[in-house]
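We name chains A, B, ... by the order of the sequence lines, and we start the count at 1 in each one.
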Amino acid sequence: MCAVRGLTKTYPAVRGRRGVPATPEVRATDDVSLDIRRGEIFGLLGPNGAGKSTLVRQLTGLMRPDGGSVQILGHDIVRHPERAARILAYLGQESSALDELTVSLAAETTGRLRGLEVRRARAERDAVLEELGLTPIASRPIKKLSGGQRRLACFAAVLVGERPLLVLDEPTTGMDPVARRAVWAAVDRRRAELGTTVLLVTHNVIEAETVLDRVAVLDRGRVIACDTPSGLKEKVAGEVRVDLVWRETAPLNVPEVAALRDRAAESGRRWTLRLAPEEARAVVATVTGGAAFAALDDFTLATPSLEDVYLALGGAARQGLVRA
Amino acid sequence: MSVVPADVLPGGALAVEEQGAVGAAELAPKARLWPSLVAVYRAQLSRARVARIPLLFVATFQSIGIMILMRGVVDGGGEARAVVAGSAVLVVAFVALNLLAQYFGQLRASGGLDHYATLPVPPAAVVLGAAGAYASFTVPGTVVTAVTGCLLFGLPMTHLWVLVAVIPLAGAALAGLGAALGLLAPRPEFATLLGQLGMSAALLLGVLPAERMPEVVRLARDLLPSTYGVEAFARSFGDRPDWAFVLGDLAVCAVVGVISLAVATWAYRRAAVR
């Protein structure tokens, strides 16, 4: 469906000016190769700045890569970027083109610009707004809606005028659970009825684990792993994650706790440890008894998530992935 | 949350590699120029209700205010015609040049152009639709200004119908210029600045009577497209207007309009794919 080979994009170094520090050359996508199969929900997971959006912009014909190839349904998107618009629908992170329109007019206009004639655009608009539960707010300007509703309205515009590939850049940001369910139900319906393929950009680990068929983990412009979420998690199957949250500071006067410090990823009052199951049991026993317990605010013991996979594979960013 | 098992998907199992895809899949049709232009125009016009009406009032009151000021300086005749025509066309410059430059500058900077760039819509439809809508916003303000001016300076309203040609042609020239400036400016602040400067130029060079200006300023005046709209409109106030000159001035507006809209379309293409 979509084959990416050796895709590379480098942002040139920027010389510093007054008030603007110089930035070195950045490899935003570094020799990326991917295969997305028909009908699957394929994810790009990585922290902010990993190069997800840059990669997606190259796949949608919005940005020319420095090297490499992108084939979508047999079309060369690097050579013919204008064909991307006739194969895929794209939900970007920005809604400024639609902000001042009403929900209904945004969906209708987008459908018309996707080549639908008026009557068809209006019929599809009504169906999509109904499907996503947006009919009651159809006549309100998108600008006046809450962040999640705004995102849902833009998602509605993406669905008017059917496309075999949907490219969604963090579609559920700011959405409440009801809206999220509406999004995934709409996606699933199109997959079942039309075989629609979805390329999803996310930094939300939980979302990645629950909705994706396969996921490519991105770090600093490179794909560091690509598999099913469960396949990836098997790579760290022998480990358990222990999160310890201290009340103020870690009780380093307790020797067992001090010994753990080197192995913990610290983030404020939180220590995250990846341990073998029997080690984890010993740690929990230590911190839930004696002097350490007085300093402990909270702890959790969990099976590994994709975040652990990311870190185990050498992902550099300690923060940036979200569990929500 | 995805509940569809992979093997019920139409078109086959996920595991099948599609390396050997025979031909390329059929592409969805492109959006045709005219229907998509109308769709963009309609969408832009609806934005007016939300965001533009206060600015239209500002544009109109600004022009009326200038005419009231100039009444103390100018005593009828050719100068009065120039002031009324200049103030009316200034409304067009305010909206079509200044506001459109700001709109496209901000759209480009915020990534809003991605929305249009990932739709199979001809670039000309986006530029012409937006430019047309902005030119339309100017109609009420221009008419109100022209009528007020005629009353203030005692000019005949017989040939006010010439606005039917002046607004779209001056609108095309100025909106094209505004769109091109907005899309070419490297940063949105520049787009705003250029739009403001363009409008200030239209104000100074269009409203103030040319006869009192030094040679350099007159040359600059000849280079500004709004001048020809002003001249065409001013001529129509004469007792026996020379329609050939009116047509000539309007033709200049039309040519500048075509060129600047073509440049704006090119600039849009350039801005959309980086």
Side-chain angles (χ1 to χ4, degrees), chain A residues 1 3 35 37-41 57 60-64 73-75 81-90 92-102 105-106 108-110 112-115 117-118 141 143 161-164 167 180-181 184 187-188 191-195 210-213, chain B residues 1-6 8-19 21-32 35-36 38-40 42-44 46-52 106-123 125-126 129 269 272-274:
Chain A
M1 154 101 218
D35 277 296
R37 300 162 192 161
R38 181 162 185 260
E40 73 178 347
I41 303 186
R57 291 177 59 82
T60 49
L62 287 170
M63 185 186 270
R64 276 177 214 282
L73 288 169
H75 293 278
E82 75 287 350
R83 289 192 191 165
R86 298 164 68 185
I87 302 174
L88 55 86
Y90 170 64
Q93 292 193 13
E94 279 303 328
S95 62
S96 54
L98 299 176
D99 265 349
E100 283 165 341
L101 308 183
T102 62
L105 190 60
E108 182 191 329
T109 306
T110 308
R112 296 212 57 198
L113 299 185
R114 215 167 260 138
E117 44 117 6
V118 186
K143 216 179 178 177
E162 184 187 297
R163 287 288 187 265
V167 179
R180 279 173 200 236
R181 257 198 303 275
W184 298 121
V187 165
D188 271 344
R191 278 209 318 157
E193 291 174 6
L194 309 164
T210 47
V211 305
L212 298 179
D213 295 313
Chain B
M1 241 183 276
S2 182
V3 293
V4 183
V8 306
L9 295 173
L14 290 178
V16 179
E17 281 294 335
E18 287 175 70
Q19 295 290 354
V22 190
E26 203 183 325
L27 295 166
K30 283 185 194 175
R32 280 172 299 128
S36 43
V38 171
V40 172
R42 238 192 94 213
Q44 290 289 346
S46 87
R47 290 175 63 235
R49 262 177 297 184
V50 184
R52 294 287 165 265
Q106 277 158 13
L107 197 63
R108 183 181 162 201
S110 67
L113 282 183
D114 290 359
H115 175 77
Y116 292 113
T118 48
L119 295 169
V121 51
V126 178
R269 261 181 220 273
V273 177
R274 273 169 286 175

Go through the steps for His115(B) and Thr110(A) under the test side chain to side chain contact (heavy atoms under 4.5 Å, CB included), then give the verdict. CA-CA 9 Å; His115(B) 175 77; Thr110(A) 308; 3.5 Å; yes
Quick one, Trp184(A) with Thr210(A), criterion side chain to side chain contact (heavy atoms under 4.5 Å, CB included). Give me CA distance, side-chain angles, the key distance, then yes/no. CA-CA 10 Å; Trp184(A) 298 121; Thr210(A) 47; over 6 Å; no
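Put simply, CG on Leu101(A) and CD on Gln44(B) are 7.5 Å apart, with the number rounded to the nearest 0.5 Å. Atom CZ of Arg191(A) is separated from atom CZ of Arg38(A) by 11.5 Å, given to the nearest 0.5 angstrom.
Pro35(B) places a side-chain heavy atom less than 4.5 Å from the side chain of Arg112(A).
For the set Thr118(B), Leu107(B), Val121(B), the count of heavy-atom pairs under 4.5 angstrom toward chain A peaks at Thr118(B). For the set Gly112(B), Ser36(B), Ser110(B), the entry with the most heavy-atom pairs within less than 4.5 Å of chain A is Ser110(B). With respect to chain B, the highest number of heavy-atom pairs below 4.5 Å among Ala89(A), Ala97(A), Gly115(A), Pro81(A) belongs to Ala97(A). In terms of heavy-atom pairs under 4.5 angstrom with chain B, the leader among Gln93(A), Glu162(A), Glu82(A), Arg163(A) is Arg163(A).
Interface residue Glu108(A): only side-chain heavy atoms are found under 4.5 Å from chain B.
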